[in-house]
*Asks:* 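Structure incoming, see below.
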Amino acid sequence: MEKNALSIILCIAFCLNLAAQSQDKALDSLYYSLPESMVTGERPIVKADKGKLVYDLPHIIRNLPVDNAYDAIKELPGVIENDGSFSLAGKGAKVVIDGKVTNMTQEQLNTLLKSIPSSSIANAEVMYSAPARYQVRGAMINITLKKAEPGIAPVQGEAGVKWQYKERHSFEERASVIFTKGKFSGDVLYSHNHGKTFSEDGSESHHTLNDGSSHKIINSSVSEGKGFTHNWRAGADCNIAENHSISGVYTGAYSEKQAATSTAGTYNAISGHFSINEMHNMRIDYNAPFGLSAGAEMTFYRKPVVQSLSNTDGSGTLTANDNQSIIRWKAFLSQEHNTKNGWGINYGIIFNASTDDSWQKYSGTGALPDDMASLQKESILNIYAGFSKSFNNQLMLDVSLAGERYRSTIWKKWDIYPNAVLVYAPANGHLFQFSLSSNRNYPEYWAVKNATGIISGGYSEIIGNPDLAPSDTWQTQFVYLFKNKYMLAAWFSHTRDYFVQTQYLAPDRLKSIIKFVNFDYQQQAGIQVNIPFKIGKWLDSRLTLTGLYQHEKDSDFYDISFDRHKVYAVVHLNNNITISRKPNLLLNVQGSYHSAAIQGIYDLPQGGNLDLHLTWRFNQDRASLTAGCHDVFKTASISPLMNYGNQIVYNRYPSYRSFNVTFSYRFGGYKEKQRKAVDTSRFR
């Protein structure tokens with residue numbers, strides 16, 4: 001099957017290239033009229049506009065092996081991609097499409113971005129501190145897509161296939177179609193991912209109990225799995241008049257995954273896992289020509305899971321059945337005004353409500369965890385107002401204030417979140433930006449359930465924390481842009497009630513507890529330098545150097561306390577090499593390194609990785625074939641160590657080298673229209 005898939009990809013690519021050769025010969029005559037010597041220069045790739053940095057992303061990636069929006073975002077100066085997430089100034093950055101919040105889990109968002117062709121991007125807006133009117137607090141990356149142009153075919157689309165090998169084979173097929181007629185337009189997106197998975201891990205714990213006894217627990221696990229995922233979206237727009245539109249969209253997803261895990265060592269067991277993930281979303285938006293925007297959204301989500309565990313020594317068996325079922329509503333109303341003297345005024349209200357009906361039941365022999373049934377209702381009311389003003393095209397100020405009421409079964413509180421951005425551009429190519437932002441981060445719904453999951457042959461338990469509190473972050477940033485390409489950024493952040501999943505060896509029983517807990521706070525100070533450089537027309541590189549100071553404190557971490565800090569560094573080098581322009585062959589070589597760091601009482605060792613991707617573009621760049629290798633030297637994963645007080649654990653997580661081949665083809669002058677996504681960021 002794998003060989004057939006690769007053969008099909010290569011055959012399609014070869015046929016399309018032959019079909020394009022006659023077109024290429026006709027185009028050759030266009031080059032004869034060019035002069036023998038030409039003067040070239042670099043045009044600015046970034047400009048400041050109302051508190052944001054607007055990058056000419058198509059210009060940045062025009063000669064790079066980039067064929068989708070996800071890879072294009074990685075090319076933005078100052079943006080770091082790590083394990084499927086983006087960060088700016090040391091903190092996570094929210095990706096937004098056309099100024100509309102993309103409410104998805106990180107995995108779903110990445111899948112969506114990878115389905116958007118890079119050719120459909122108009123520009124990228126980077127905000128280290130997003131104003132309240134964007135319905136995002138903290139850093140934001142807004143990808144603006146090109147609009148439909150006269151003369152484009154009424155039906156356009158793109159199709160693609162991908163093969164990947166990471167110890168096991170997996171595949172992806174995707175297709176997108178957009179159609180326009182007069183004031184109406186619609187689009188349909190579908191993708192199918194399927195294949196097998198393989199993973200292994202191990203740990204060695206020195207477990208001390210209250211009676212003074214010490215136990216050495218050594219386990220290793222191997223997991224084999226398979227599954228499939230269907231994603232689909234369908235939407236329609238009606239442009240009633242200029243700046244006057246109404247749109248609706250339906251989004252759905254369905255997946256099934258199963259895995260079998262064998263654990264050997266101190267604990268010997270065989271476990272199974274089967275899960276279904278289903279989501280349906282409906283949303284409608286309305287934009288009026290006088291600056292009014294309104295919308296409503298409904299999401300239904302469910303995830304039933306069956307887990308089984310059988311100790312091979314006959315000491316016990318258990319089966320866990322659980323289900324998470326969530327209905328979530330959202331409605332918003334916002335208004336913007338632009339006065340004659342240049343002031344911008346904005347205000348609005350956003351309301352979210354959700355009902356989470358979840359349960360878990362255990363059966364089997366021996367000691368079993370308690371069953372759980374939880375019906376939780378939650379609401380978030382956000383009211384904001386702000387203003388902006390530009391002074392002599394050199395000084396710009398954007399200020400907003402949001403009041404938020406959060407109510408749940410446990411928490412009821414009001415909070416105020418100010419945001420301010422000051423931009424000063426003394427001369428062309430020079431820009432100074434200072435910002436102050438505040439943000440709240442909510443835990444996943446399942447993390448606050450009194451539920452228990454069994455792993456590592458029964459030695460480790462994943463336990464929910466009903467008392468887990470949301471975290472609040474205050475951050476200041478300073479950015480200096482020199483010659484529109486060299487960037488220096490510095491920041492400091494303080495996060496109260498910072499939460500993270502940690503491991504703890506229980507003193508009263510031989511169990512390793514894995515649980516989300518709140519720290520007193522986390523503080524981080526950092527400085528980052530971004531240096532792009534070129535060598536001729538064949539090498540385009542970017543070096544990013546980041547230095548960080550991290551401080552974490554918790555005065556009641558179970559029965560111990562800690563107050564730890566660490567200085568560490570991150571280096572990232574991205575090289576784009578033009579091997580040939582005819583044929584169009586591009587090689588991307590990027591590597592990263594990070595020194596040792598900390599997380600709670602964990603010590604995180606140094607690590608790094610090297611990735612290679614070779615892209616062949618043909619048929620007037622409508623078709624592309626990319627072959628890549630991720631983590632060439634198998635060094636990306638790290639094995640955390642915990643050696644603090646009587647907490648001694650050595651974890652082992654191997655790295656895997658993966659290979660992939662991707663083929664995509666655009667037809668009909670394709671410009672994919674992006675849809676607003678679904679808020680599943682706190683589902684599991």
Side-chain angles (χ1 to χ4, degrees), residues 2 5-6 9-10 13 61 64-76 79-87 95 106-116 118 160-174 191 193-201 223-227 229 540-544 570-577 579 585-594 604-617 624-639 652-664:
E2 297 83 3
L6 284 173
I9 293 174
L10 294 172
I61 64 174
L64 307 183
V66 172
D67 62 359
N68 61 71
Y70 182 88
D71 291 334
I73 293 173
K74 294 192 293 184
E75 301 298 331
L76 288 169
V79 174
I80 298 296
E81 187 267 346
N82 181 38
D83 196 25
S85 62
F86 299 104
S87 65
V95 176
Q106 193 67 55
E107 182 180 358
Q108 290 172 327
L109 174 62
N110 292 346
T111 301
L112 185 59
L113 291 171
K114 290 174 182 177
S115 71
I116 301 174
S118 57
V161 292
K162 180 179 181 179
W163 164 82
Q164 178 173 285
Y165 180 79
K166 188 177 181 180
E167 302 301 315
R168 299 296 183 268
H169 298 278
S170 62
F171 306 87
E172 176 187 6
E173 303 87 35
R174 59 182 174 87
S191 66
N193 298 271
H194 54 102
K196 298 181 178 181
T197 60
F198 173 86
S199 65
E200 57 181 340
D201 59 73
S223 179
E224 296 265 5
K226 64 178 180 179
T229 301
D540 190 343
S541 300
R542 185 176 76 250
L543 174 65
T544 303
V570 181
V571 180
H572 185 84
L573 179 61
N574 193 343
N575 302 284
N576 297 287
I577 304 169
I579 298 176
L585 294 176
L586 306 168
L587 175 66
N588 177 259
V589 182
Q590 58 178 304
S592 64
Y593 166 81
H594 61 84
L604 308 180
Q606 63 180 354
N609 70 285
L610 177 68
D611 299 338
L612 302 173
H613 287 88
L614 179 65
T615 299
W616 172 33
R617 292 177 178 171
S624 67
L625 181 67
T626 299
C629 179
H630 175 71
D631 198 10
V632 175
F633 299 113
K634 298 196 292 187
T635 55
S637 294
I638 61 174
S639 297
R652 178 177 59 86
Y653 299 106
S655 296
Y656 300 102
R657 182 187 298 117
S658 65
F659 302 92
N660 59 80
V661 177
T662 304
F663 171 74
S664 63

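Positions are given from 1 along the sequence.
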*Asks:* Nearest 0.5 Å, please: how far is CG in Leu585 from OG1 in Thr615?
*Replies:*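 One gets 9.0 Å once the value is rounded to the nearest 0.5 Å.
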*Asks:* Quick check: do Glu173 and His194 have side-chain heavy atoms less than 4.5 Å from each other?
*Replies:*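 Side-chain contact under 4.5 Å: yes.
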*Asks:* Where do Thr229 and Asn193 land on the side-chain hydrogen bond (donor to acceptor under 3.5 Å, both in side chains) test, with the steps shown first?
*Replies:* CA-CA 5 Å; Thr229 301; Asn193 298 271; 5.6 Å; no
*Asks:* State, yes or no, whether a side-chain contact exists between Glu75 and Asn574 at a heavy-atom distance under 4.5 Å.
*Replies:*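 Heavy-atom side-chain distance check passes, below 4.5 Å.
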*Asks:* Taking only residues two or more places apart in sequence or in another chain, which ones pass salt bridge (charged side-chain N to carboxylate O under 4.0 Å, His left out) with Glu167?
*Replies:*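 Not a single residue meets the salt bridge (charged side-chain N to carboxylate O under 4.0 Å, His left out) criterion with Glu167.
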*Asks:* Test Leu614 against Ile579 for side chain to side chain contact (heavy atoms under 4.5 Å, CB included), laying out the working first.
*Replies:* CA-CA 9 Å; Leu614 179 65; Ile579 298 176; 3.7 Å; yes
*Asks:* Using side-chain heavy atoms (C-beta onward) and a distance below 4.5 Å, is Lys162 in contact with Ser664?
*Replies:*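 Counting from C-beta outward, Lys162 and Ser664 never come under 4.5 Å.
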*Asks:* With a 3.5 Å distance limit and no angle check, can you tell me whether Asp611 reaches the backbone of Gln590 through a side-chain donor-acceptor pair?
*Replies:*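 Answer holds: no.
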*Asks:* Closest heavy-atom contact between Asp631 and Gly608?
*Replies:*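 Asp631 and Gly608 have their closest heavy atoms at OD1-O, 4.4 Å.
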*Asks:* Got a second to check how far Tyr656's OH is from Phe198's CZ, nearest 0.5 Å?
*Replies:*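 Those atoms lie 5.0 Å apart.
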*Asks:* I'd like to check the side-chain contact (heavy atoms from CB on, under 4.5 Å) partners of Ser223; sequence neighbours left out, ordered by chain and number.
*Replies:*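 side-chain contact (heavy atoms from CB on, under 4.5 Å) check on Ser223 returns Ser199, Ala259, Thr261.
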*Asks:* I'd like to know if the side chain of Ser639 and the backbone of Tyr653 have a donor-acceptor N/O pair within less than 3.5 Å.
*Replies:*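 Yes.
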*Asks:* So, Asn576 and Asn588: side-chain donor and acceptor under 3.5 Å apart, yes or no?
*Replies:*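 Yes, because at least one side-chain N or O of Asn576 sits under 3.5 Å from a partner of the opposite role on Asn588.
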*Asks:* How would you list, by chain and number, every residue that makes a side chain to side chain donor-acceptor pair (under 3.5 Å) with Asn660, sequence neighbours excluded?
*Replies:*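 Partners of Asn660 under the side chain to side chain donor-acceptor pair (under 3.5 Å) test: none.
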*Asks:* Any chance you could measure Ser655, atom OG, to Lys634, atom NZ, to the nearest 0.5 Å?
*Replies:*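 Output value for this atom pair is 8.5 Å.
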*Asks:* Working note: His630 + Leu610, criterion side chain to side chain contact (heavy atoms under 4.5 Å, CB included); need CA distance, chi angles, decisive distance, verdict.
*Replies:* CA-CA 7 Å; His630 175 71; Leu610 177 68; over 6 Å; no
*Asks:* Between Leu586 and Arg617, is a side chain to side chain contact (heavy atoms under 4.5 Å, CB included) present by the stated rule, with each step listed?
*Replies:* CA-CA 8 Å; Leu586 306 168; Arg617 292 177 178 171; 3.9 Å; yes
*Asks:* Taking the side chain as C-beta and beyond, is there a heavy-atom pair between Thr544 and Val571 under 4.5 Å?
*Replies:*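 They are not in side-chain contact.
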*Asks:* Show your reasoning for whether side chain to side chain contact (heavy atoms under 4.5 Å, CB included) applies to Val570 and Tyr593.
*Replies:* CA-CA 6 Å; Val570 181; Tyr593 166 81; over 6 Å; no
*Asks:* CG/Leu604 to CD1/Ile638 distance, rounded to the nearest 0.5 angstrom?
*Replies:*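 Leu604 atom CG to Ile638 atom CD1 measures 4.5 Å (nearest 0.5 Å).
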*Asks:* Using the test salt bridge (charged side-chain N to carboxylate O under 4.0 Å, His left out), find all partners of Arg168 that sit at least two apart in sequence or belong to another chain.
*Replies:*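 If we apply the salt bridge (charged side-chain N to carboxylate O under 4.0 Å, His left out) test to Arg168, skipping adjacent residues, the hits are Glu224.
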*Asks:* For Tyr165, enumerate each residue passing the ring pair (Phe, Tyr, Trp, His ring centres under 6.0 Å) test, keeping only those at least two apart in sequence or located in another chain.
*Replies:*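 Residues passing ring pair (Phe, Tyr, Trp, His ring centres under 6.0 Å) with Tyr165: His169.
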*Asks:* Is the CZ atom of Phe633 crowded by more than 12 outside heavy atoms at less than 6.0 Å?
*Replies:*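 No, not enclosed.
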*Asks:* CZ/Phe663 to OG1/Thr626 distance, rounded to the nearest 0.5 angstrom?
*Replies:*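 Rounded to the nearest 0.5 Å, the CZ-OG1 separation comes to 10.5 Å.
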*Asks:* Does any part of the side chain of Lys196, heavy atoms only, come nearer than 4.5 Å to the side chain of Ser170, both counted from C-beta?
*Replies:*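 The answer is no; the side chains never approach within 4.5 Å.
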*Asks:* Taking atom OG1 of Thr635 and atom CD of Gln606, what is their separation to the nearest 0.5 Å?
*Replies:*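 Output value for this atom pair is 10.5 Å.
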*Asks:* Can you check whether Val661 reaches Leu625 side chain to side chain, under 4.5 Å on heavy atoms?
*Replies:*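 Yes, their side chains come closer than 4.5 Å.
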*Asks:* Which atoms form the tightest heavy-atom contact between Pro654 and Glu200, and what is the distance?
*Replies:*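 Result for this residue pair: CD-O, 3.1 Å.
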*Asks:* Tell me the closest heavy-atom pair linking Ser592 and Asn609, and the distance in Å.
*Replies:*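 That would be OG-OD1, 2.7 Å.
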*Asks:* Could you list the residues that satisfy salt bridge (charged side-chain N to carboxylate O under 4.0 Å, His left out) with Lys74, not counting sequence neighbours?
*Replies:*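 So Lys74 forms a salt bridge (charged side-chain N to carboxylate O under 4.0 Å, His left out) with Asp71.
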